[in-house]
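Here, residue 1 is the first one in the sequence, and each next residue gets the next number.
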Amino acid sequence: MALSHNTLALTFGMLGNIISFLVFLAPISTFYRIYKKKSTEGFQSLPYLVALFSSMLWLYYALLKKDAFLLITINSFGCVVETIYIILYIIYAPKDARNLTFKLLSAMNVGSFALILLVTNYAVHGSVRVQVLGWICVTLSVSVFAAPLSIVAQVVRTKSVEFMPFNLSFTLTLSATMWFGYGLFLKDICIALPNVLGFGLGLVQMLVYAIYRNSGEKAIKKEKKAPIEPFKITVVETKVEKIESEKKNKDEDNEEKNKNEDLMTCIV
């Protein structure tokens, strides 16, 4: 017995909700660290502001469309979670970062969204309103999907996949697949189209990961095999200095890794 398009759309939509739910919760470790240290430590608020703006737009689109309940559920959750992240960021951010966050929030999440509301409610009407809003959502989603290309470029440049975790790349690719299926069986090009790009970029990330995943290990082995050059002046570290230096380097690496992960989690 063949499954109907509605049943398939429901299946893909529910799977998309589950995966996107996990993606939205991914930055919890980052904010737990911020809470413990009472400092944002150079993290930026832009990924969370963009994720909130995206959820707001897709929620509005789903409410206008009226037959996309599973878009309403996940984006309602996204709006709540991203708002909590932003509030925590504002509480612990230094003055300059806090002021920048307020400016971006006012311009994008309040100003731009209010403008979109006015245009779609007064400048266009009927089915055209949904189409216009849908293509606005597509444009934003394409921009967000393209953002992790900077991380791919970093991997190629450094030949290290340390800051592009495979699990997150795989999860985002899987999420794009589920939402593409949902849009396809719902016959909604605005949902399906950006996730084609998301799926393609996800495959690129995993391919790059496969190419460079052993490069770091090879570099370490090569460094170990390199002969020790004589007659060089060396600085002898005490045990305490060495531990402190290693801890500092590890913290810097973790901070950079979390920043890149937060950039990737904008994609839902």
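- At distances below 3.5 Å, not a single donor-acceptor pair connects side-chain atoms of Tyr92 with backbone N or O atoms of Lys37.
- At most 12 heavy atoms of other shown residues, nucleotides or ligands fall within 6.0 angstrom of atom NZ in Lys95.
- Met108 and Phe53 get closest at one heavy-atom pair: O-CE1, 3.5 Å.
- When all heavy atoms are compared, the tightest approach of Gly198 to Ala176 is C-CB, 3.9 Å.
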**Message:** For a side chain to side chain contact (heavy atoms under 4.5 Å, CB included) check, start with the C-alpha distance between Tyr60 and Cys137, then their side-chain angles and the critical distance, and finish with the verdict.
**Reply:** CA-CA 10 Å; Tyr60 180 38; Cys137 291; over 6 Å; no
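- Around the CD1 atom of Ile211, the shell of radius 6.0 Å holds more than 12 heavy atoms that belong to other residues, nucleotides or ligands.
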**Message:** Between Leu104 and Gln44, does the side chain to side chain contact (heavy atoms under 4.5 Å, CB included) criterion hold? Intermediate values first, please.
**Reply:** CA-CA 11 Å; Leu104 291 171; Gln44 296 181 353; over 6 Å; no
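- Contact between Ala9 and Tyr182 at its shortest, heavy atoms only, is O-CD1, 3.0 Å.
- Residue Val130 is not grouped with residue Val119 when hydrophobic side chains (ILVMFWY) are merged at heavy-atom distances under 4.5 angstrom, including chains of intermediate members.
- Judged by the 6.0 Å distance and 45° axis criteria, Lys187 is not positioned over the aromatic ring of Phe185.
- Between Tyr35 and Tyr32, the ring planes lie tilted relative to each other; the angle falls in the 30° to 60° range.
- Atoms CG and CD1, from Leu70 and Ile191 in turn, are 9.5 Å apart once rounded to the nearest 0.5 Å.
- Side-chain N or O atoms of Ser4 include one that pairs as donor or acceptor with a backbone N or O of Thr7 at under 3.5 Å.
- Between Phe199 and Phe180, the distance from one ring center to the other does not fall under 6.0 angstrom.
- Cluster membership for Ile74 and Ile72, using ILVMFWY side-chain heavy atoms within less than 4.5 angstrom, is not shared.
- Interatomic distance, Arg129 CZ to Asn121 CG, rounded to the nearest 0.5 Å: 5.0 Å.
- Taken from CD1 in Ile34 to CZ in Phe43, the straight-line distance is 6.0 Å, to the nearest 0.5 Å.
- Listed for the Ser112 side chain is no donor-acceptor partner under 3.5 Å among the backbone atoms of Asn109.
- Note: the hydrophobic cluster containing Met56 does not contain Val110 (ILVMFWY, side chain heavy atoms under 4.5 Å, direct or indirect links).
- Under a 3.5 Å cut-off, the side chain of Ser54 and the backbone N or O of Val50 do not form any donor-acceptor pair.
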**side chain to side chain contact (heavy atoms under 4.5 Å, CB included) assessment of Leu140 paired with Ile136** = CA-CA 6 Å; Leu140 176 65; Ile136 293 174; 5.8 Å; no
**Item:** Test log, rule side chain to side chain contact (heavy atoms under 4.5 Å, CB included), inputs Tyr209 and Val155
**Value:** CA-CA 8 Å; Tyr209 184 93; Val155 171; over 6 Å; no
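- Residues Tyr48 and Phe31 place their aromatic rings such that the two centres sit under 6.0 Å apart.
- Counting all heavy atoms, side chain and backbone alike, Cys190 lies closest to Trp58 at O-CH2, 3.2 Å.
- When hydrophobic clusters are built by joining Ile, Leu, Val, Met, Phe, Trp and Tyr residues whose side-chain heavy atoms come closer than 4.5 Å, directly or via intermediates, Ile87 is grouped together with Leu100.
- Taken to the nearest 0.5 Å, the CZ atom of Phe12 stands 14.0 Å off from the CG atom of Asn17.
- Between the side chain of Ser175 and the main chain of Thr171, no donor-acceptor pair closer than 3.5 Å is present.
- Under a cut-off of 6.0 angstrom, the local environment of CE in Met14 is sparse, with at most 12 non-hydrogen atoms contributed by other residues, nucleotides or ligands.
- Aromatic ring centroids of Phe21 and Phe77 lie under 6.0 Å apart.
- The shortest distance between side-chain heavy atoms of Tyr61 and Asp188 falls below 4.5 Å.
- The distance from atom CG of Leu207 to atom OG of Ser169, rounded to the nearest 0.5 Å, is 11.5 Å.
- The heavy-atom pair separating Val138 from Pro194 by the smallest distance is CG2-CD, 4.1 Å.
- Counting heavy atoms from C-beta outward, Leu63 and Leu59 have side chains that approach closer than 4.5 Å.
- Leu203 is listed as a side-chain neighbour of Met206, based on a closest heavy-atom distance under 4.5 Å.
- In this structure, Ile18 CD1 and Leu22 CG are separated by 8.0 Å, a value rounded to the nearest 0.5 Å.
- Counting all heavy atoms, side chain and backbone alike, Tyr85 lies closest to Pro27 at OH-CD, 3.7 Å.
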